[in-house]
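A quick write-up on the structure given underneath.
Numbers restart at 1 for each chain; the letters A, B, ... are given by sequence-line order, proteins then strands. No experiment lies behind these values; they were computed from the predicted model shown. Scope of the values below: all heavy atoms of this structure, side chains included, with no hydrogens, waters or symmetry mates.
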There are 2 protein chains.
Amino acid sequence: MTCAINYAPQLRAQGLRMTPQRNAILHVLHHSHGHLSPTQVYHLARKEFPSLTEPTVYRTLEFLAEKKFLLAAHVGNGKIVYELAENQHHHLICHQCGNTVEVDHAPLERLYRQLASSTGYKLDSSHVTFFGLCPKCQKSKL
Amino acid sequence: MTCAINYAPQLRAQGLRMTPQRNAILHVLHHSHGHLSPTQVYHLARKEFPSLTEPTVYRTLEFLAEKKFLLAAHVGNGKIVYELAENQHHHLICHQCGNTVEVDHAPLERLYRQLASSTGYKLDSSHVTFFGLCPKCQKSKL
DNA sequence: GTTAGTGCAAACCATTTGCAGAACG
DNA sequence: CGTTCTGCAAATGGTTTGCACTAAC
């Protein structure tokens with residue numbers, strides 16, 4: 001809770017309001033490196049602001065994603081997770097054990113440009129999830 | 001329903017059983033090019049086999065995906081959709097209007113090899129979803 | 001003071017589970 | 001016939017909605 005990072009100015013710069021709820025949610029996402037599901041955010045942020053409710057979490061996450069403070073990612077199980085918009089990366093998940101590695105955005109740049117020129121779409125820098133078999137599970141399958 | 005394609009031999013070749021339920025589900029996915037949600041599959045397949053129930057749809061889709069007859073894809077809204085495993089492709093979705101274009105797998109090949117060598121993972125040829133702004137929505141934003 | 005944000009409670013809907021009976025091979 | 005698959009019914013759990021109240025600016 002006693003955290004140096006303060007998003008209030010960035011919000012106000014866009015004419016948006018800072019509330020303790022939003023602060024708690026941003027704080028949680030800032031400190032947990034990686035992505036969190038709405039339910040996870042709810043339970044963690046509740047520790048900092050106990051009166052927080054689930055509908056608020058959902059509304060706030062959607063709101064902050066729309067305002068580009070957060071990125072919404074779609075991981076394996078079909079649930080949406082969120083992470084801070086800074087520090088963009090993707091994920092490669094083992095479909096066997098669930099182990100996850102981060103994938104830098106750089107190697108996707110070329111592909112993005114290629115897709116943009118062939119489709120006319122302007123690609124989001126949104127999260128992409130890849131699936132595979134991790135080295136450990138490859139071995140155990142032999 | 002009177003469709004030439006018959007998956008029964010392919011199933012039996014793997015020691016699996018063919019049932020009218022599975023047939024209806026495969027049939028629906030075969031004729032609807034593109035991906036369908038479990039609910040969509042349920043409603044469509046019901047027209048061919050009215051006594052079909054939802055739990056069966058979910059179980060069958062999961063089963064067929066595990067046996068590599070289907071691919072599970074994760075699209076925008078965080079729901080899982082399924083499509084026939086043949087004809088692999090990915091999707092690029094406009095986050096504004098939802099319009100979708102298919103992306104061939106070929107341009108991803110290089111990236112896949114690169115990720116495989118840098119992470120040690122053996123990548124699935126699983127479905128990837130990209131997001132962007134389609135040409136039409138780019139214009140309407142100006 | 002205005003507008004935006006939140007809490008509450010309830011509804012909603014997709015998805016899952018247990019178990020008994022039916023059907024495939 | 002043995003095993004797998006399905007139907008039924010119910011529970012589950014994440015997500016959404018309406019409305020009145022509160023708080024941010």
Quiz item: Does anyone know the first and last nucleotide of DNA chain D in reach of chain A, 5' to 3', at under 4.0 angstrom to a heavy atom?
Solution: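 Nucleotide range with atoms under 4.0 Å of chain A: dG14(D) to dC25(D).
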Would you say that [X] contacts [Y] through its side chain, given a criterion of any heavy-atom pair below 4.5 Å between the two side chains?
{"X": "Leu115(B)", "Y": "Phe130(A)", "answer": "yes"}
{"X": "Val103(B)", "Y": "Val128(B)", "answer": "no"}
{"X": "Lys79(B)", "Y": "Ser37(B)", "answer": "no"}
{"X": "Asn99(B)", "Y": "Tyr121(A)", "answer": "yes"}
{"X": "Val57(A)", "Y": "Thr39(A)", "answer": "no"}

Across the strands shown, which category fits [X] at heavy-atom distances under 4.0 angstrom: base, sugar-phosphate, nothing?
{"X": "Phe49(B)", "value": "sugar-phosphate"}
{"X": "Pro55(A)", "value": "base"}
{"X": "Arg22(A)", "value": "sugar-phosphate"}

Exercise. Could you say whether Glu54(B) or Thr19(B) is positioned toward the 5' end of DNA chain C, judged by the nucleotide with the nearest heavy atom to each?
Key: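 Nearer the 5' end of the strand: Glu54(B).
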Quiz item: Ser37(B) or Met18(B): which one's nearest nucleotide on DNA chain C is closer to the 5' end?
Solution: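 The residue closer to the strand's 5' end, by nearest nucleotide, is Ser37(B).
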Quiz item: Quick one: is the NZ or CZ of Arg22(A) closer than 6.0 Å to the six-membered ring centre of Phe69(A), and within 45° of its axis?
Solution: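 That pair does not qualify as a cation-pi contact.
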Practice problem: Please find the earliest and latest nucleotides of DNA chain C, in the 5' to 3' direction, that have an atom within less than 4.0 Å of any heavy atom of chain B. | Solution: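 Reading along DNA chain C, I get dA14(C) to dG25(C).
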Quiz item: Does atom CD of Glu62(B) have more than 12 heavy-atom neighbours from other groups under 6.0 Å away?
Solution: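 12 or below, so no.
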Quiz item: Who are the side chain to side chain donor-acceptor pair (under 3.5 Å) partners of His43(A), not counting sequence neighbours?
Solution: none
